[in-house]
Structures are given as structure tokens and as C-alpha cells.
Amino acid sequence: MPKVTAIVATHSRHNFTRKPNLADVTVAGHDMLRLVNRRILLSIVSDRQPISRAEIAKISGLNKATISTITGELLKDACVIEEGLGRTTPIGGKPPTPLRLNSKRFGLFGLDIRADETILALSDFNNRIVSRVSFETESVATSFLSKIGKEIRKLQLKHDSFIEFPGIGVSLPGLVDNQSGKFLLSVVLPWRDVPVVNLLEKATNLPVIIDNSARCSALAEIWHGKAQYAHVRNLLYVSVSTGLACGVVIDGGLYRGGNNTAGQFGHIPIDLSGPECRCGQRGCWDLYASDKATLKRYADLRGPGGKRVSTMRKLVELVESGDASATEAVRETARYLGIGITGLVNGLDPEIVVIGGEITKIWGVIEAIIVEETKRNLLAPRSHHIAIRPSAFEVRPSLKGALTLIQNSLLSVPHMG
Ligand SMILES: [Zn+2]
């Protein structure tokens, strides 16, 4: 009897469901396997550094010879460095030489474009920001991006100790088409159909990756979130800003959808007889739980001739100073956040929900209300297990996300099939 390989992986604890992509086949050839293993090892070093080859073997399950080959390549490419070389043990033996990422191997650019302010940052391979410049965002995209391009070239010259600049990650405040590299539209910025990738690549000669701010922030949480959820694979990010948008991470990867517009849960109606939304529907979630909604609620509570505030930052300060109307306005927003999150948790079953935005600065005021409201209508049996947390990044999660777009391109594991 010839020996046959079982094609039904009944022995595996993984129940695979991913259909191979026959329109764009990627087979698991030798080069692809090498790339996957190399990235897994780099990720292990990044997460656990300094780490010995023996520990890497334990975590990865790869044999020592394979690890020796791959780490040899990574050392040769200057992606990792050996720590403590030249030391000897008290008995004269060869000391273990743990590995670290070489922080100078890559200089990563992140560009966080918001309606009012744009921040350009350069970080090393260990995610330490080495330079940060801010600009007032301009209404004409072409001249503004040309100015940013010049600044990037200046930073490249100034930080010439980096071996390579692998690209620029860009976070944008609105709808983005990753395929065409265009920023489509936004309610907060008067840019329309701007070929951001093309303009920045021409200006800098570096590869550019773009995404919207909620999805960038979700990516930052899954790669660099708090230690307490370091091993989470499924995450929902709710970005509470002028508008309401979400980022969804499924099994460690960002979900972009069929037309690259996934995550616009802010336009799910929660009240069909509610006010008309700019999207054409009535009673969208965005109209009740965004910063714009909270500011309007505060104005309504104060009545005609009452105090007005124009930014969420100022409203948060009022809550911190004990202003009753401001507190009531954000408590009501928290209730609506909970109502929307319940539906998403029932539909997506994330392990964690992360909320980002100015409103999370008063987490103590809103947390209990969001959690209580979310739990109220959750489908059993998970009603007691939902984790809802504020973003790990108090300052500009989307900037961290823009940088993560490039880091993700260096460390993520490609899909096969
Ligand atoms: Zn809408």
C-alpha cells in the first residue's frame, strides 16, 4: 500500500476555514516558508527581547538548526544584534548571546493627518519615536503633501544612521481606498479624491501605505496594546471623535472589507425616527455618541443663551471641574456608546473592545455606564466576559497606528493559499 498523506487535518486543534484564493494564488514554496518563519522569529525577538536562541526554539517549536540558520540570516541582514558579545562566564565558558532587534535597522515614518493638526513622526525599529514635527493641516492637499515630502527628506538626511527607511504610514480622517491609494472624502477635511500615495511617493521616493484613523488605531492596539491584552486576536476599536468610526481586527489581521470601507458602524441606525444623518438615513449611532453629538447635547442642556463649548477637550475640562450639564452630556453619550457596542459585540464577538478619543480622558465617569449598558442586551453566555478598555495610547492613537502600518509591513505574516 502506498503511503498517503491525510488531507483532512482531524488531528489539528486548528479548524481552518480559509478558502484558497484561486484568483491570486500564493503557494507555500520554500521562499514563502522561509519568509513566514523569518517574520515569526523577528516578531518573537521584538516581543521578548533580549531572548536566547533556546527560548526562541521553545516558543516557536522550530528545531535548533532552523533557528540557527534564520538567526544567522537576520544577523547578516543587521535586523538583529547579539547582546553582550565578548563577555566570558566566571568559569571561562562561552556565554549565551541573547538577541535584540537592531533599532537602527529601520527608520519608520508615520504621518497622522487630522482636520486641524498633522503630525509627522520618525521611529526606530524598536518603536521609539526619535523625531516629531507638527503642522497646521492645510485645505489644499497637493501643496500640503509636497511640504510634508520635503520635511521627510530633511529628516532622512538628519537621521542618516538608519540603514533603511522602509516607508511612510499615513492615517487619514475619512474614507480611504487602499487599492488606488486615494483619500476619498471626509466630513472634517475638505479633501476629495486625493491620490495621497502617489503624491507622497513621488515627493519622497519611499513606499507609502494609507488607512483611515480608526483602522490605524485598531492596528496599533493589536500590535502594541497593553500587556493585559497582548495575546488578543479579535479586537473592536471604537474611535470617538467628531464622527464615530470603528476598526475591526479579526484573527490578528485588519478587516478592510470588499471595497476597503469597512468599519463605518457609526452609520448603523439606532432610531429610525431619529434626526436625519448626512449619510441619508435617520437616527445613525454617530448622531448620538460622537463628540459632535456630545457638544450639541451640552448646548441643549444649557438652553438658549447658555454656555457653549466648541471642542471636546474643553467639555472634558468642564466635566473634570464638576460642571453638572457637561457631566450629564457625557454620561448620556456613554449610554449610547454602550447601546451601539452591544450590537457590535453580539455580531462580531471580539475578545476586547477598545475605545479611543478625547472622551476616554474621563474614563472614570463613563466606564461603568458603558459596561452596564453593553452588558444589558448581550447574548448569553458571554455577558460577564466582555472587556471594554480605553486606548493604550493617551496621545494620538492614530499616530501610533500610522507608524504601525509600516511595522506591520515588515513583521506581519503573509496569507497563503
Ligand atoms: Zn448616517
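Side chains are part of it too, since the values below use all heavy atoms of this structure and drop only hydrogens, waters and symmetry mates. Counting starts at 1 for both ligands and their atoms, in listed order.
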K.L.:
Which is it for Arg34 and Glu73 under the salt bridge (charged side-chain N to carboxylate O under 4.0 Å, His left out) test, yes or no, and what are the steps along the way?
P.N.:
CA-CA 11 Å; Arg34 217 175 114 231; Glu73 286 171 14; 3.3 Å; yes

K.L.:
So, using salt bridge (charged side-chain N to carboxylate O under 4.0 Å, His left out) as the criterion, who are the partners of Glu358 when residues are at least two apart?
P.N.:
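Salt bridge (charged side-chain N to carboxylate O under 4.0 Å, His left out) check on Glu358 returns Arg313, Lys361.
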
K.L.:
May I ask you to decide if Gln407's main-chain N or O and Thr404's side chain share a donor-acceptor pair within less than 3.5 Å?
P.N.:
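No, the answer is negative, given that no donor and acceptor are paired below the 3.5 Å cut-off.
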
K.L.:
Apply salt bridge (charged side-chain N to carboxylate O under 4.0 Å, His left out) to Arg128 and list each qualifying residue two or more places apart in sequence or on a separate chain.
P.N.:
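Applying salt bridge (charged side-chain N to carboxylate O under 4.0 Å, His left out) to Arg128 gives Asp124.
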
K.L.:
For the aromatic rings, using the six-membered ring if either is Trp, is the centroid distance between Phe106 and Phe162 under 6.0 Å?
P.N.:
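Ring-ring flag for Phe106/Phe162: false, centres at least 6.0 Å apart.
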
K.L.:
State which residues pass ring pair (Phe, Tyr, Trp, His ring centres under 6.0 Å) with Tyr288; sequence neighbours excluded, sorted by chain then number.
P.N.:
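For Tyr288 the ring pair (Phe, Tyr, Trp, His ring centres under 6.0 Å) partners, ignoring immediate neighbours, are Tyr336.
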
K.L.:
Short of 2.8 Å from the Zn ion (ligand 1), name each protein N/O/S atom, waters not counted.
P.N.:
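N, O, S partners closer than 2.8 Å: His267 ND1, Cys277 SG, Cys279 SG, Cys284 SG.
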
